[in-house]
Amino acid sequence: MLNEKMLSLGKNRSKIRDLFEYGKVLKEQGKTVCDFTLGNPSVKTPEKVTQILIDGLEKADVHAYTQAQGSKLSRQNIANDLNKKGNAKFCADGVILTCGAAASLCGVFKAITSSNLDEIVVLAPYFPEYKVFIESAGAKQVTVGFTQDFSPDFSALEKAISKNTKAIVINNPNNPSGKVYDENDVLTLCKILNKKSAEIGRPIYLISDEPYREIVFGKTTLPFIPDFYKNTIICYSYSKSLSLPGERIGYVAIPNEICSFIDLYAGILGSLRAVGYVCAPSLFQYMIENFDGNYSDFSIYENNLNNLITTLKSLNFTCNEPKGAFYLMIKAPDGDGEKLSETAKELGLLIVPADSFGAKGWARIATCVSEKTVQESKPLFEKLAKAYNLI
Ligand code: PLP
């Protein structure tokens, strides 16, 4: 007898993957399709990073097992990098190398929850895999809605926190909205967390899921969350910032001042061990040991975003104006995001309905595509606008 829950997770792919696979088949058949589904970066990995990887390939010791939590040198380099971002202090022994932010999140959720009454609060719109990870850890996701411009609904958040709340997840910049929560948002969030932690009598952790940390546009600045809240657990990934999503490399980092530093670190390491996540890919640890801090060039994402916003607005669609990440939200004219995605699909335009992101009535456009795809999509968006009588 199989585990029914796992069977169902394996059989029912996410909507994003479903559409992506559909587009792949069409492309293999030589059909033109504008695929805006997956957050697969289109810009190149920086040349220096590629060179480090090539060098590493030739070194036999690079391919050996490392410490379960990752090599000391890679962890030290990450701590040094985080120490430059603000006042919060990090050390190598507060960092664990992982197979991407997904593994980081799974490890953290499992480590900080122990009963099916335990709750993790998630701010909508959110990365749909959170629910899978939280429920697989045996806990419950509590979702908090958003207000205009995809800002968190703070009064709903106050009400959502209970004595069972173990943590809140913040994803800044946000997938799927591209929203950047500013300093005021973070201050308000931390005020609520401090108040609620005092009421409950123990800290509520703030899990900062940061795969898009480096991707912000114009003069936008990103608050460094551990400077605002000492009980922050960072879950990071190099997937987007170095265009390495298939290589599965990221980390968990906790600041020195966090409550229960030693036990929390051991608990996260233990929960990763329990599912076989030890010793993240060693070639990529070697890359981190030698990484100079220069990330991919994200300017193409900003251009794509601006081009698409101009196109959509000229066609009388409603969309948001993201300040970070590489996603854009388009509103379904009749409030039905699923139908919008289906209608677009018929035209060879693949966009993801945002219902599973907790944003009913919207669809997500991943703008991490080539400029050619953006150009080719314009007549298709025009047809979509006509299908809705917008023009
Ligand atoms: N968190 C968010 C918000 C994401 O968008 C993603 C991937 O798209 C992840 C976590 C998982 O990142 P990774 O693929 O590096 O594990």
Side-chain angles (χ1 to χ4, degrees), residues 13-20 35-43 45 49 70 78 96-110 120-134 136-137 141 143 146 150 152 167-181 206-216 222 225 233-253 268 272 275 277 280-281 284-285 287-288 295-296 298 301 322 324-329 352 354 356-359 364-369:
R13 279 191 307 226
S14 75
K15 194 83 197 173
I16 312 172
R17 289 250 161 220
D18 247 1
L19 276 166
F20 170 70
D35 181 358
F36 293 102
T37 55
L38 219 55
N40 236 344
S42 59
V43 301
T45 300
V49 170
I78 290 166
I96 304 172
L97 273 296
T98 62
C99 293
S104 305
L105 290 161
C106 288
V108 171
F109 291 144
K110 184 85 184 150
I120 306 284
V121 174
V122 165
L123 305 174
Y126 58 85
F127 179 53
E129 293 301 282
Y130 289 160
K131 198 156 190 282
V132 176
F133 301 160
I134 292 168
S136 299
Q141 172 172 319
T143 307
F146 54 90
F150 298 104
I168 291 182
V169 184
I170 182 170
N171 169 219
N172 201 20
N174 177 264
N175 173 11
S177 67
K179 166 87 184 165
V180 173
Y181 303 120
L206 181 51
I207 301 171
S208 183
D209 179 26
E210 310 184 347
Y212 305 95
R213 185 171 70 204
E214 281 78 25
I215 312 176
V216 287
L222 198 74
I225 310 275
I233 304 173
I234 295 179
C235 292
Y236 185 77
S237 157
Y238 294 89
S239 295
K240 321 290 174 171
S241 57
L242 290 179
S243 301
L244 294 170
E247 307 299 354
R248 317 307 303 136
I249 188 76
Y251 62 79
V252 177
I268 299 170
L272 288 166
V275 286
Y277 275 144
F284 290 85
Q285 292 190 40
M287 180 277 288
I288 293 168
Y295 296 91
S296 299
F298 309 120
Y301 301 146
F326 42 53
Y327 303 105
L328 173 65
M329 296 288 267
V352 183
S356 63
F357 295 88
R364 186 191 78 169
I365 301 173
T367 67
C368 50
V369 295

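Atoms within each ligand, like the ligands themselves, are counted from 1 in listed order.
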Residue [X] vicinity, atoms of ligand 1 by number, heavy atom under 4.0 Å:
{"X": "K240", "result": "7 (C), 8 (O)"}
{"X": "N171", "result": "3 (C)"}
{"X": "S239", "result": "13 (P), 14 (O), 15 (O)"}
{"X": "G100", "result": "15 (O), 16 (O)"}
{"X": "S237", "result": "13 (P), 15 (O)"}
{"X": "N175", "result": "3 (C), 4 (C), 5 (O)"}

Determine whether [X] and [Y] make a side-chain contact, defined as any pair of heavy atoms from C-beta on separated by less than 4.5 Å.
{"X": "P173", "Y": "I215", "value": "no"}
{"X": "D209", "Y": "Y130", "value": "yes"}
{"X": "L242", "Y": "I249", "value": "no"}

What is the nearest protein non-hydrogen atom to [atom], stated with its residue, atom name and distance?
{"atom": "atom 12 (O) of ligand 1", "answer": "A101 CB, 3.6 Å"}
{"atom": "atom 14 (O) of ligand 1", "answer": "R248 NH1, 3.0 Å"}
{"atom": "atom 9 (C) of ligand 1", "answer": "F127 CE2, 3.4 Å"}

Check: So, the side chain of K179 versus the backbone of P152: is there a donor-acceptor pair under 3.5 Å, distance only?
Finding: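 It does not hold such a pair.
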Checklist line | Side-chain donor or acceptor of S243 paired with backbone N/O of V43 under 3.5 Å | finding: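 Yes, S243 side chain to V43 backbone: donor-acceptor pair under 3.5 Å.
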Check: Is the closest N or O pair between A102 and ligand 1 shorter than 3.5 Å?
Finding: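 For ligand 1, there is an N or O atom that lies under 3.5 Å from one belonging to A102.
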Margin query: Is P211 close enough to touch ligand 1? Criterion: a residue heavy atom under 4.0 Å from a ligand atom.
Written below: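 Under 4.0 Å: yes for P211.
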Margin query: With rounding to the nearest 0.5 angstrom, report the CG to CD1 distance, L206 to I225.
Written below: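 Reported to 0.5 Å precision, the distance equals 6.0 Å.
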Item checked: By side chain to side chain contact (heavy atoms under 4.5 Å, CB included) - contacts of N40 (at least two apart) ->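 So N40 forms a side chain to side chain contact (heavy atoms under 4.5 Å, CB included) with L38, P245.
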Notebook entry, point to check: In terms of the angle between their ring planes, are Y236 and Y238 parallel, tilted or perpendicular, with boundaries placed at 30° and 60°?
Noted result: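 Geometry flag for Y238 against Y236: perpendicular rings.
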Margin query: Using heavy-atom distances only, which candidate in L38, D209, L244 approaches atom 2 (C) of ligand 1 most closely?
Written below: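 Of the listed residues, D209 has the closest heavy atom.
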Check: Given Y238, Y236, F326, Y212, which one has a non-hydrogen atom that is nearest to atom 4 (C) of ligand 1?
Finding: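 Comparing heavy atoms across Y238, Y236, F326, Y212, the nearest one to atom 4 (C) of ligand 1 lies in Y212.
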Notebook entry, point to check: Which one holds for E129 and ligand 1: side chain close, backbone close, both close, or neither close, with close meaning a heavy atom under 4.0 Å?
Noted result: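 For E129, no heavy atom sits under 4.0 Å from ligand 1.
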Margin query: Test side-chain contact (heavy atoms from CB on, under 4.5 Å) on E129 and S14; report intermediate values, then the result.
Written below: CA-CA 9 Å; E129 293 301 282; S14 75; 4.3 Å; yes
